[in-house]
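Convention: sequence-line order gives letters A, B, ...; per-chain numbering from 1.
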Amino acid sequence: MADMQLRLYRAMSQPTLAHDKRIERTFFARDTRTVAQDLLGCVLVRLLPDGTRLSGRIVETEAYRPGDAAMHAYRRRTVRNAPMFMAPGTAYVYFTYGMHFCFNISTEAEGVPAAVLIRALEPLEGVKRMRLHRGRGDIPDEALCQGPANLCKAMAIDRRLSGYDMLQPGSVLFLEVGGQTGGYLVKTSPRIGVGGDEVAKTIPWRYYFAAHPCVSGPPALRR
DNA sequence: CGTTGGATTGGCT
DNA sequence: GCCAATCCAACGC
């Protein structure tokens with residue numbers, strides 16, 4: 001059932017892959033909430049050293065901004081969170097819970113700490129390789145890049161890519177325009193798993209395709 | 001320098 | 001629903 005839904009959506013999505021249109025830096029140099037919404041439907045591409053191309057359509061994001069207590073750079077700039085201050089379009093990858101990586105893209109003007117967390121993708125290219133990275137053969141397509149840490153594992157994204165300028169020539173990690181939303185409605189919710197204070201826990205800066213099979217989180221937050 | 005807990009996940013009660 | 005896994009950044013002394 002979910003498999004068929006995913007297959008149908010993938011068939012609808014295919015034509016946009018042919019555009020092969022790279023997203024420019026100015027796209028990221030805007031209000032982080034706008035960028036987080038506009039990234040839905042865009043395609044994240046990862047080129048592996050052996051030439052393998054992995055890609056997936058973004059279906060879930062979260063915005064992190066200055067003055068936001070849930071934000072890693074809320075207090076000050078550190079070696080770890082420095083990429084969030086760098087040029088828009090810089091990757092910020094952090095290690096958490098002793099075993100997981102999460103992937104963000106720096107937004108707004110250089111010097112402003114802000115980023116969009118990419119939480120889930122609909123796998124498009126390199127599904128077999130993603131399953132290999134996940135380390136199990138029984139993971140269904142829609143779960144391969146479901147959740148920020150699973151996404152990083154499937155797409156081979158780790159701390160070596162933190163601070164990486166995604167718009168540099170010959171980039172191995174970049175974004176392409178998505179074009180359509182595939183008919184999915186965009187919804188918002190509070191961000192998942194954040195601490196900080198009540199404001200941070202309440203503000204609706206999570207964006208996702210409602211009822212898309214690849215979205216993560218508890219069932220109520222996928223609808 | 002020691003302690004605490006996290007933008008998570010998956011397995012078990 | 002609860003909790004362990006497993007590292008390290010952040011913060012307090």
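Closest contact between the side chain of A:Asn150 and the listed nucleotides C:dA5, C:dC8, B:dG10 involves B:dG10. Considering only side-chain atoms of A:Cys102, the nucleotide from C:dA10, B:dG11, B:dT8 that sits closest is B:dT8. Here the nucleotide nearest the side chain of A:Asn81, chosen from C:dA10, B:dT8, B:dA7, is C:dA10. Nearest nucleotide to the side chain of A:Tyr97, out of C:dA10, B:dT9, B:dG6: B:dG6. In this structure, the nucleotide among B:dG11, C:dC8, B:dT8 sitting nearest to the side chain of A:Thr96 is B:dT8.
Here A:Ala70 lies in heavy-atom contact (under 4.0 Å) with a base. Contact annotation for A:Arg206: no contact, since no heavy-atom pair falls under 4.0 Å across all strands. Using a 4.0 Å heavy-atom distance criterion, A:Arg80 is classed as a sugar-phosphate-only contact.
Look at A:Tyr64 and the base of B:dA7; the rings stack, centres closer than 5.5 Å and planes less than 30° apart.
Annotation: B:dG2 and C:dT6 have their P atoms spaced 23 Å apart (nearest Å).
Contact check, A:His72 against C:dA9: no side-chain N or O comes under 4.0 Å of OP1 or OP2. One finds no side-chain N or O of A:Arg136 lying less than 4.0 angstrom from the OP1 or OP2 phosphate oxygen of B:dG10. At B:dT8, one or more side-chain N or O atoms of A:Arg119 fall inside 4.0 Å of OP1 or OP2 (strictly under the cut-off). A sub-4.0 Å separation between OP1 or OP2 of B:dA7 and a side-chain N or O of A:Arg65 is absent.
Looking only at atom types and distance, the side chain of A:Thr90 has no donor-acceptor partner in the side chain of A:Ser106 under 3.5 Å away.
Applying the side chain to side chain contact (heavy atoms under 4.5 Å, CB included) test to A:Cys102 and every residue at least two apart in sequence or in another chain returns A:Tyr94, A:Thr96, A:Leu117, A:Pro148.
With respect to the salt-bridge test (charged N to carboxylate O, under 4.0 angstrom), the residues A:Arg222 and A:Glu142 do not qualify.
In terms of hydrophobic clustering, with Ile, Leu, Val, Met, Phe, Trp and Tyr side chains grouped at heavy-atom distances under 4.5 Å, A:Leu132 and A:Ile139 are assigned to different clusters. In terms of hydrophobic clustering, with Ile, Leu, Val, Met, Phe, Trp and Tyr side chains grouped at heavy-atom distances under 4.5 Å, A:Phe85 and A:Val93 are assigned to different clusters.
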(request) Dump the intermediate steps for salt bridge (charged side-chain N to carboxylate O under 4.0 Å, His left out) on A:Asp138 and A:Arg131, then the final yes or no. (result) CA-CA 8 Å; A:Asp138 61 342; A:Arg131 188 165 285 111; over 6 Å; no

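If you take CZ of A:Phe95 and P of C:dA5, they are 15 Å apart, rounded to a whole angstrom. For the pair A:Met84 CE and B:dA7 P, the interatomic distance rounds to 10 Å; values are reported in whole Å. Rounded to whole Å, the distance from CZ on A:Phe101 to C1' on C:dA9 is 14 Å. The separation between A:His100 atom NE2 and B:dG10 atom P is 7 Å, rounded to whole Å.
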(request) Dot-bracket notation for DNA chain B is requested: 5' to 3', Watson-Crick or G-U wobble pairs only, both distances under 3.5 Å, with ( ), [ ], | and . as defined. (result) ||||||.|||||.

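Donor-acceptor pairing under 3.5 Å, judged by distance alone, is present between the side chain of A:Tyr94 and the base of B:dA7.
Here the rule is side-chain contact (heavy atoms from CB on, under 4.5 Å) with A:His212, and of A:Leu40, A:Leu185, A:Val59 only A:Val59 fits it.
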